[in-house]
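The structure appears below as structure tokens.
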Protein chains: 2
Amino acid sequence: MNHPSDQTTGAQKNSAAAERVTSALSLAIHEHRIAPGTKLGEDEVAEIFSVSRTVVRASLQALAHLQLVEIQRNRGAYVAKPSLREAREVFEARELLEPRTARSAAERAGPEDIDLLKRHITEEHAALDASDQGRALRLSGQFHIAISRIADQTTIAGFIEALIARSSLIIALYWRRESALCEKFAHHDLVDAIADRDGERAEELMRSHLVDLHSALDLDDRPVAPQSLKDALKP
Amino acid sequence: MNHPSDQTTGAQKNSAAAERVTSALSLAIHEHRIAPGTKLGEDEVAEIFSVSRTVVRASLQALAHLQLVEIQRNRGAYVAKPSLREAREVFEARELLEPRTARSAAERAGPEDIDLLKRHITEEHAALDASDQGRALRLSGQFHIAISRIADQTTIAGFIEALIARSSLIIALYWRRESALCEKFAHHDLVDAIADRDGERAEELMRSHLVDLHSALDLDDRPVAPQSLKDALKP
DNA sequence: GGACACATCACTGTATACAATCCTGCATTC
DNA sequence: GAATGCAGGATTGTATACAGTGATGTGTCC
């Protein structure tokens with residue numbers, strides 16, 4: 001059985017070394033150790049991981065497909081900075097897909113699935129207790145992915161995975177300091193509903209959980225980031 | 001204004017030459033000129049397009065991400081052969097996403113959007129009259145993509161694009177000879193509903209259209225393809 | 001005659017070298 | 001002093017060469 005924080009995503013497998021680089025970059029982005037907008041120079045990344053640019057390029061392309069990085073032709077790869085509009089779209093899409101997925105998961109979950117989810121939550125708590133925000137955030141995403149996997153719809157699970165990856169960037173950009181990270185209980189209740197095989201309740205819990213998350217973001221129309229003024233005038 | 005059959009998909013842009021190769025391969029697959037399961041050797045493709053393997057690899061990777069081709073490590077790239085289960089999942093996902101998208105499209109469509117859709121249909125008819133099955137099929141897919149673009153949800157539009165790409169493979173594998181290609185009228189009615197700004201009707205038409213499509217496929221559990229016996233015994 | 005082991009071959013994986021493009025800084029000019 | 005043009009450097013795009021892996025076919029042994 002896999003450890004809950006295993007990160008073999010459903011994404012397209014790259015070959016050998018490329019996958020290692022992709023995972024490492026993806027992890028760092030998910031844990032907010034690389035900020036949106038950061039340039040990922042090929043030589044730079046290549047040296048860090050002791051591989052050639054060929055491998056790095058494959059990784060960056062894979063990440064670009066997940067929209068975690070943006071590749072500008074002849075200019076290089078940058079960690080993506082989702083716009084307000086994109087941020088809204090991502091959460092709308094999640095609110096469309098995930099509640100239904102949670103329902104399916106509740107209807108299909110076996111004992112080992114429940115176990116997996118519970119271990120997930122344990123890990124989340126541990127990360128929160130250790131004040132490891134980055135890890136907690138990543139695990140929180142993994143929790144959602146785990147549910148979509150249990151729902152046994154790999155196609156939709158893949159979409160959700162991509163949405164959660166982008167959510168991580170969105171949270172990095174638009175999270176309101178004021179709002180607390182109240183996911184602990186939300187996730188716990190969700191697992192309970194799934195363990196009870198109560199699809200209806202799982203669906204509703206997931207929906208409200210996502211609405212909570214959404215409303216904890218600052219997705220109004222006015223400029224948010226300090227550099228947006230400069231950005232707005234440049235092009 | 002763009003020509004309706006323009007094919008600048010929302011997918012991640014590859015660099016320069018790679019995009020040309022990706023488009024050409026994608027087109028050939030969509031038009032059923034390359035069968036599922038066909039091997040796409042790097043040298044072979046490289047020579048056909050007069051580029052180096054580097055470029056071909058980038059293209060194949062991009063197509064792999066759309067799940068149009070499957071890359072097996074150290075073994076090469078093959079045009080994907082979606083399983084029955086995957087086929088079902090793809091259509092379930094479409095039935096989940098597209099009706100709602102059609103509703104949004106109806107609510108947002110401007111005159112130029114209606115024009116675009118009408119020109120799409122004209123092209124489809126032309127292809128059908130010319131008995132160009134492959135082109136008709138591709139245009140039919142493009143029609144769905146156009147609607148999702150009008151809905152102005154680029155994130156979901158991207159998902160739908162990927163689903164339609166795979167649908168093309170699924171149709172190649174599981175289409176029943178008996179059932180007629182009845183899309184002409186379905187698409188026509190849909191455009192009418194969108195032109196009337198009747199979201200409700202558009203949603204319902206899209207739903208039934210997809211159900212029709214789904215039921216025109218042979219997605220039962222028994223083996224379908226003639227070579228499946230051989231395949232089943234080999235591994 | 002069949003099966004296994006091994007060698008050969010074809011192909012993919014990775015690294016590196018070269019070409020093209022873009023950005024930066026400086027000099028020149030008005 | 002500001003703006004423009006140009007040159008240098010840095011970075012990405014592409015091609016090619018080498019290394020590693022899997023498949024195929026042959027030969028030998030039982």
Side-chain angles (χ1 to χ4, degrees), chain A residues 8 11-26 34-35 37-81 227 230-231 233-235, chain B residues 8 11-26 34 37-81 227 230-235:
Chain A
T8 27
Q12 205 63 31
K13 270 183 214 158
N14 287 321
S15 38
E19 197 166 350
R20 187 172 61 90
V21 178
T22 307
S23 296
L25 286 174
S26 168
I34 312 181
T38 306
K39 166 142 196 187
L40 300 173
E42 295 185 354
D43 276 322
E44 197 181 350
V45 177
E47 189 167 11
I48 290 169
F49 291 101
S50 305
V51 293
S52 75
R53 276 177 52 219
T54 310
V55 172
V56 173
R57 282 179 74 81
S59 287
L60 292 176
Q61 225 180 305
L63 292 170
H65 203 101
L66 289 172
Q67 295 183 284
L68 277 178
V69 315
E70 187 185 347
I71 295 177
Q72 295 168 16
R73 189 171 305 179
N74 287 320
R75 304 238 8 257
Y78 298 80
V79 178
K81 279 169 80 168
Q227 73 274 25
K230 186 183 69 190
D231 286 356
L233 298 175
K234 219 190 281 176
Chain B
T8 28
Q12 206 63 32
K13 269 181 212 157
N14 287 323
S15 37
E19 197 165 349
R20 186 173 60 90
V21 177
T22 307
S23 297
L25 286 174
S26 169
I34 312 181
T38 306
K39 165 143 197 186
L40 300 173
E42 296 185 354
D43 279 321
E44 197 179 351
V45 178
E47 189 167 13
I48 290 169
F49 292 100
S50 303
V51 292
S52 75
R53 275 178 52 217
T54 310
V55 172
V56 174
R57 281 181 75 80
S59 287
L60 292 177
Q61 230 179 299
L63 292 171
H65 206 103
L66 290 173
Q67 296 184 281
L68 277 177
V69 315
E70 187 184 348
I71 294 178
Q72 295 169 16
R73 189 170 304 178
N74 288 320
R75 302 236 13 253
Y78 299 80
V79 178
K81 279 169 81 167
Q227 74 274 25
K230 185 182 69 187
D231 286 355
L233 298 175
K234 222 191 278 180

Rounded to whole angstroms, how far apart are CD on A/Gln61 and C1' on D/dT12?
13 Å

Measure CZ/A/Phe49 against P/C/dG13 and give the value in whole Å, please.
20 Å

If you look at every heavy atom in B/Ile71 and B/Ala64, which pair is closest and at what distance?
CD1-CB, 3.7 Å

Nearest-neighbour nucleotide for the B/Arg75 side chain, D/dA23, C/dA15, C/dT14 considered:
D/dA23

Counting only side-chain nitrogens and oxygens, does A/Lys39 get under 4.0 Å of the OP1 or OP2 atom of D/dT12?
yes

Output yes when a side-chain donor or acceptor of A/Gln61 lies under 3.5 Å from a complementary backbone atom of B/Ala58, and no otherwise.
yes

Is there a side-chain polar atom (N or O) of B/Ser52 under 4.0 Å from OP1 or OP2 of D/dA15?
yes

Grab the CG-P distance between B/Leu40 and C/dT12 for me, whole Å please.
10 Å

Nearest-neighbour nucleotide for the A/Asn74 side chain, D/dT14, D/dG13, C/dT16 considered
D/dG13

In whole Å, what is the span from the CD atom of A/Glu42 to the C1' atom of C/dT16?
14 Å

Rounding to a whole Å, what distance do you find between B/Asp43:CG and D/dA15:P?
13 Å

D/dG13 base to A/Arg53 side chain: any donor-acceptor pair below 3.5 Å?
yes

Rounded to whole Å, CD1 of A/Ile71 lies from P of D/dT11 at a distance of 17 Å

When you get a sec, tell me which of D/dG13, C/dT12, C/dA15 is the closest nucleotide to the side chain of B/Arg57?
C/dT12

Between CZ of B/Arg73 and P of C/dT14 the distance, given in whole Å, is 8 Å

If each of B/Gly41 and B/Thr54 is mapped to the nucleotide of DNA chain C with the nearest heavy atom, which maps nearer the 5' terminus, i.e. the 5' end?
B/Gly41

Could you tell me how far apart A/Glu44 (CD) and D/dT12 (C1') are, to the nearest whole angstrom?
14 Å

State, yes or no, whether a side-chain contact exists between B/Thr54 and A/Thr54 at a heavy-atom distance under 4.5 Å.
no

B/Gln67 (side chain) donor-acceptor with B/Ala80 (main chain) under 3.5 angstrom:
no

So B/Tyr78 and B/Arg75, do their side chains get closer than 4.5 Å, heavy atoms only?
yes

